[in-house]
There are 2 protein chains.
Amino acid sequence: MAELPIETYLPGLSIDCVIFGFHEMELKVLLLNMKNQEEWALPGGFIQKDQDVDIEANRILENRTGLKNIFLQQFHLFGDLTRNKAGHAKKLVETKIISDDLRPWFEQRFLSIGYYALVEYSKVQVPTPDFTSDSCEWCSLNNLPKLIMDHQQIIDRAHQVLKKELNYQPIGLNLLPQQFTMSEIQTLYETVLGKTLDRRNFRRKILSYDILVATNKQRKGGTHRAPMLYEFDEEKYTQAIQEGLKSLF
Amino acid sequence: MAELPIETYLPGLSIDCVIFGFHEMELKVLLLNMKNQEEWALPGGFIQKDQDVDIEANRILENRTGLKNIFLQQFHLFGDLTRNKAGHAKKLVETKIISDDLRPWFEQRFLSIGYYALVEYSKVQVPTPDFTSDSCEWCSLNNLPKLIMDHQQIIDRAHQVLKKELNYQPIGLNLLPQQFTMSEIQTLYETVLGKTLDRRNFRRKILSYDILVATNKQRKGGTHRAPMLYEFDEEKYTQAIQEGLKSLF
DNA sequence: ACAAAAGTGTTATTTCTACACCCATGC
DNA sequence: GCATGGGTGTAGAAATAACACTTTTGT
């Protein structure tokens, strides 16, 4: 059982991160399996009294994934009373996740600040579980296990916001490997949007954003014609995020 | 000097409301003039320990404007360390806004949840100032007075979010009087967007949303042809907010 | 040779933009 | 009768949507 320096944290406030990854044509979310429980939780943490909230969110993300400087965006504060399930703290004590003297801390009402992150699946080596959990795994967004408290709602909302953001920002730089094929990025978009797109129209549109550069390498190995590999032009990509894209999917 | 039931509030958290109104072809924001100070502030308040954050935001809005059931939307949590200006609590004590024993409450670090509201200017009778302020006034968005802490930034962000939301939602039901002319609603859109729109194209587009109904009344009085009055079809309007609009400005 | 995905262009439709003239009203 | 804003339509440009055949590669 870990001790928490709770006196250094802002009381009643937590951060929950919805960490999206993309693998095997599926959107995934990084989840923690609670110790001695069936339930899963979003990686999260508390906010140090003397630190910016955004920086704390980054710290939490880094602790969990080992990644720095990742695209991380605050999207909602969850402040309903009902999100505090009565038995939560009790369960944490019973399952020996926390010691009894931490119980009041976990029993207080919590508001949680939702952040979402886009990370490259393969760069997250062995996700490291925190003291509340004994494993940390990628779960497919459309086949999520049972989640504690309102974490399912938090994920749903993050996904919704992500969809909307596609209209303003390119995604992919953080979700895809360095080099990728046209159909890989198309599948990413289709997955996030939850609908299929026309191959030829997609290519035209994504190229019109002028954020991709074609390498002259190809990916060998499939039992089919070898596709061309693309990379992001990071400068133009960053610029596109700042200025916004003109048109949408 | 008022006493605050601070023990009933969540510590370190506040709500600030950017209340938009529309009058004389300008977007306005409701601001409080701090007692004995030059500076102005957004109407805000604290969150009761046993209440939903959204409900508390509505309560604060109602206290300030007398309006219930208003379009009110959480848009950002402001969590930087720098937003806490050192001298703020001291000033409150010196200007006799708060008693000395409240000083620690106001000296603590505060995070603030930003909400924005759209209200009908004429329905807000005499805005009632709270205990920190001696007047409550509509200020034109593009000519704001000096604001405390980071309230200017909060307003800027709210405006930015509002602009973006125009792409997804109609506005106007809360900002305009019951009946209005085509050019009144056009001016509203132009004001929010900060750009002029073509009269004929605007009419076509707003009518294509199918949320307006033409009354067969006209507004008399101008030294020109009497314009037709429109109303919102509230059912379709609500539906459009939920489903989103197809196209944008 | 065949299965599987990659690459590529054109046409029809829809949406957006730009633009100009006549109409009703009050003074 | 004139100044002021109200009302309306159309044509060109741009964006979007729909659609099919050929190429490469591994087995």
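Below, read A as the first sequence line, B as the second, and so on, with proteins coming before strands; counting in each chain starts at 1.
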B:Gln186 CD to D:dG7 P, straight-line distance once rounded to whole Å = 11 Å
Between the side chains of A:Glu26 and A:Ser140, is a donor N or O closer than 3.5 angstrom to an acceptor N or O?
-> yes
B:Phe202 CZ to C:dT17 P, straight-line distance once rounded to whole Å = 14 Å
Consider only side-chain N and O atoms of B:Asn33 and B:Ser133, and report whether a donor and an acceptor are under 3.5 Å apart.
-> no
Atom CG of B:Asn201 and atom P of D:dT8 are separated, to the nearest Å, by 14 Å
side-chain N/O A:Arg199 vs C:dG7 OP1/OP2, d < 4.0 Å | no
Ignoring hydrogens and angles, state whether a donor on the side chain of A:Tyr115 or A:Asn58 is under 3.5 Å from an acceptor on the partner side chain.
-> no
For the ring pair B:Phe202 and B:Tyr189, is the centre-to-centre distance below 6.0 Å?
-> yes
Classify the nucleic acid contact of B:Arg219 as base, sugar-phosphate or nothing, counting any heavy atom under 4.0 Å across all strands shown.
-> nothing
Using a cut-off of less than 4.0 Å, is there contact between a side-chain N or O of B:Arg200 and OP1 or OP2 of C:dC19?
-> no
To the nearest Å, how far apart are B:Met228 CE and C:dC23 P?
-> 17 Å
Does any donor atom in the side chain of A:Glu190 or A:Gln186 lie under 3.5 Å from an acceptor atom in the other side chain?
-> yes
Would B:Lys164 count as a cation-pi partner of A:Tyr168, with NZ or CZ less than 6.0 Å from the six-membered ring centre and within 45° of the ring normal?
-> yes
Enumerate the protein-to-nucleotides 25-27 of chain C contacts in which both atoms are nitrogen or oxygen and the separation is below 3.5 Å.
unit_1 : atom_1 : unit_2   : atom_2 : d
C:dT25 : O4'    : B:His224 : O      : 3.3
C:dT25 : O2     : B:Thr223 : O      : 3.4
C:dT25 : O2     : B:His224 : N      : 3.3

Quick one: B:Met182 CE to D:dT4 P, roughly how many Å, whole number?
-> 23 Å
Do the two ring centres, one from B:Tyr237 and one from B:Tyr209, sit under 6.0 Å apart?
-> no
Could you tell me whether the phosphate oxygens of D:dG6, OP1 or OP2, come under 4.0 Å of any side-chain nitrogen or oxygen in B:Ser183?
-> yes
Value in whole Å for how far the C1' atom of C:dT15 lies from CG of B:Asp198 = 14 Å
Euclidean distance, atom CZ of residue A:Arg203 to atom C1' of C:dA6 [Å, nearest integer] = 8 Å
For atom OH of B:Tyr230 and atom P of D:dG6, their distance in whole Å | 11 Å
